[in-house]
Amino acid sequence: MKRFTVFALLSLFCSWVYADVLTLKTGHPDTYVVKKGDTLWDISGIFLKDPWHWPKLWGVNPQIANPHLIYPGDRLTLVFIDGEPRLVNKPMLRSSPAGRVDPKGNAVPLVDLALIDPYLTQNRIVDADWLSQQPMVLGGESPSLHHVMDNIVYIGANLPVGTKLGIYQPGRRFSNEASGEALGQEAILTATGRVTESGDVSKVLLLNNFRETKAGFRVFAVDDAFISAYLMPSAGTAVGAKVLASERDIREMGKFDVAYIDRGQQDGVIPGQVFTIVKPGAEVIINNDGVPVQPNEQSTYDKLLASMAPADVVKLPELYRGQLMVFKVFDKVSMGLILVDKRPVRQGDMLLAPTTLLQEE
């Protein structure tokens with residue numbers, strides 16, 4: 001009876017709701033004039049509790065059939081159509097002569113692309129064995145251990161003159177925590193260059209640098225990945241995925257930080273997918289006296305008893321951390337931008353489909 005009471009009380013603290021309907025924020029405005037620097041996510045966040053639902057807020061409305069056509073200066077008005085909230089685009093008008101004010105600047109993007117632009121070319125996840133077989137930087141004309149723009153470096157391969165390439169620093173190796181499967185190795189672009197002289201050891205002129213280049217770095221073609229400014233958000237489907245690491249190799253991540261996740265193209269992940277980030281629920285053991293023992297207080301004896309009697313283990317609810325949107329996908333790993341951070345995000349946090357949200361969201 002005690003165990004049932006504990007479980008029932010815990011359930012009251014974290015009930016689940018389905019967020020397939022639009023939920024407006026308390027105190028939302030009725031109108032909003034789009035400003036330079038706005039993003040679709042920002043504007044939706046002014047009206048919606050969950051901004052990733054902006055396609056539903058705008059897409060049904062024929063006046064905003066194409067979000068690409070929303071520009072600074074447009075006036076968005078909140079209306080209700082068949083009981084559902086919609087944003088109507090009402091272009092600003094000149095007093096004389098009448099007509100639309102020509103917007104200055106580009107159409108409003110989904111997110112600020114400046115936040116992720118460096119990662120579109122500078123970070124890749126590749127097969128570790130493949131990376132180790134790529135031509136290597138042997139050194140440079142300068143006696144310095146570090147080479148920068150306009151320096152000549154030596155590459156241990158016969159490369160055609162005029163070839164443009166990237167120089168990559170081998171980074172961390174990632175693996176699936178549960179299965180141990182190798183997911184790939186980080187390759188970080190340090191510089192781009194052009195081959196100026198061929199031979200068994202080729203000379204490469206560094207055209208620019210993102211960080212210093214050193215002997216031992218690898219050389220291959222620069223990633224030509226491209227991200228659309230108008231990614232269409234959708235619910236992430238790789239449920240059970242986890243946060244692998246921070247791109248910056250820090251312990252805790254927050255809003256606008258970039259994270260690696262342990263699912264990729266092979267798992268059906270595509271750019272634009274949105275995930276809810278949660279901390280996995282801890283397991284509380286009910287001891288022989290019917291008292292819950294917290295994880296940091298559990299002895300080896302407690303864990304042994306729990307393994308023999310699984311009914312004495314109660315899993316606590318997940319703890320909501322925030323939301324992440326995928327913007328770059330590799331075979332087994334993806335990169336995502338954290339757009340909501342109620343609590344710091346950490347390695348090992350789980351990713352859930354955002355259509356099922358914790359009540360506190």
Could you state whether [X] and [Y] fall into the same hydrophobic cluster, counting links through intermediate Ile, Leu, Val, Met, Phe, Trp or Tyr residues with side-chain heavy atoms under 4.5 angstrom apart?
X: L138; Y: V204; result: no
X: L145; Y: V153; result: no
X: Y32; Y: L78; result: yes
X: V222; Y: L207; result: no
X: I155; Y: W130; result: no

[X] side, atom [atom1]; [Y] side, atom [atom2] - distance, nearest 0.5 Å:
X: R172; Y: E186; atom1: CZ; atom2: CD; answer: 4.0 Å
X: I43; Y: D38; atom1: CD1; atom2: CG; answer: 4.5 Å
X: R86; Y: E84; atom1: CZ; atom2: CD; answer: 5.0 Å
X: H147; Y: I167; atom1: NE2; atom2: CD1; answer: 9.0 Å
X: E247; Y: M335; atom1: CD; atom2: CE; answer: 5.5 Å
X: R321; Y: E252; atom1: CZ; atom2: CD; answer: 7.5 Å

Given F220, F217, F210, the one that forms ring pair (Phe, Tyr, Trp, His ring centres under 6.0 Å) with Y168: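 Exactly one pass, corresponding to F220.
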Minimum-distance pair of heavy atoms, taken over all atoms of [X] and [Y]:
X: G139; Y: A215; result: N-CB, 4.3 Å
X: P280; Y: E318; result: CA-CG, 4.3 Å
X: I250; Y: S246; result: CG1-OG, 3.2 Å
X: G264; Y: V329; result: C-CG1, 3.8 Å
X: G268; Y: T237; result: O-OG1, 4.1 Å

Does [X], at its [atom1] atom, have more than 12 non-hydrogen atoms belonging to other residues, nucleotides or ligands within less than 6.0 Å?
X: Q265; atom1: CD; result: no
X: E177; atom1: CD; result: no
X: N208; atom1: CG; result: yes

L24 vs L48, test: side chain to side chain contact (heavy atoms under 4.5 Å, CB included). Steps then yes/no. CA-CA 4 Å; L24 293 173; L48 293 178; 4.0 Å; yes
Would you sort out whether L183 and F330 count as a side chain to side chain contact (heavy atoms under 4.5 Å, CB included), showing the intermediate values? CA-CA 10 Å; L183 300 178; F330 306 99; over 6 Å; no
Flag the pair [X] / [Y] as yes when at least one side-chain heavy-atom distance between them is below 4.5 Å, and no otherwise.
X: L131; Y: P170; value: yes
X: P85; Y: F80; value: yes
X: V326; Y: F275; value: yes
X: D257; Y: V345; value: no
X: K25; Y: I46; value: no
X: L351; Y: I277; value: yes
X: V137; Y: V219; value: yes
X: N151; Y: N209; value: no

Determine the interplanar angle of the F47 and H28 rings, folded into 0 to 90°, and report it as parallel if under 30°, tilted if 30 to 60°, perpendicular if over 60°. tilted
Parallel, tilted or perpendicular: rings of F174 and Y260 (30°, 60°): tilted
Any donor-acceptor pair under 3.5 Å from [X] side chain to [Y] backbone:
X: S334; Y: R263; answer: yes
X: S202; Y: A157; answer: yes
X: K315; Y: G281; answer: yes
X: Q169; Y: I188; answer: no
X: R75; Y: V88; answer: no
X: R218; Y: Q134; answer: yes
X: T276; Y: A353; answer: no
X: K328; Y: N123; answer: yes
X: K242; Y: D262; answer: no
X: R343; Y: Y320; answer: yes

From the options D349, V340, V274, I261, select the one residue that forms a side-chain contact (heavy atoms from CB on, under 4.5 Å) with L324.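 Among D349, V340, V274, I261, the one meeting side-chain contact (heavy atoms from CB on, under 4.5 Å) with L324 is I261.
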Pairs meeting criterion salt bridge (Lys or Arg N to Asp or Glu O under 4.0 Å) with involvement of residues 127-149, two or more places apart: E141-K203
Going through the distances and angles, do E197 and I152 end up as a side chain to side chain contact (heavy atoms under 4.5 Å, CB included)? CA-CA 10 Å; E197 187 176 320; I152 294 289; over 6 Å; no
Chi angles and distances behind the side chain to side chain contact (heavy atoms under 4.5 Å, CB included) call for Q323, D50: CA-CA 10 Å; Q323 285 191 337; D50 196 24; 3.1 Å; yes
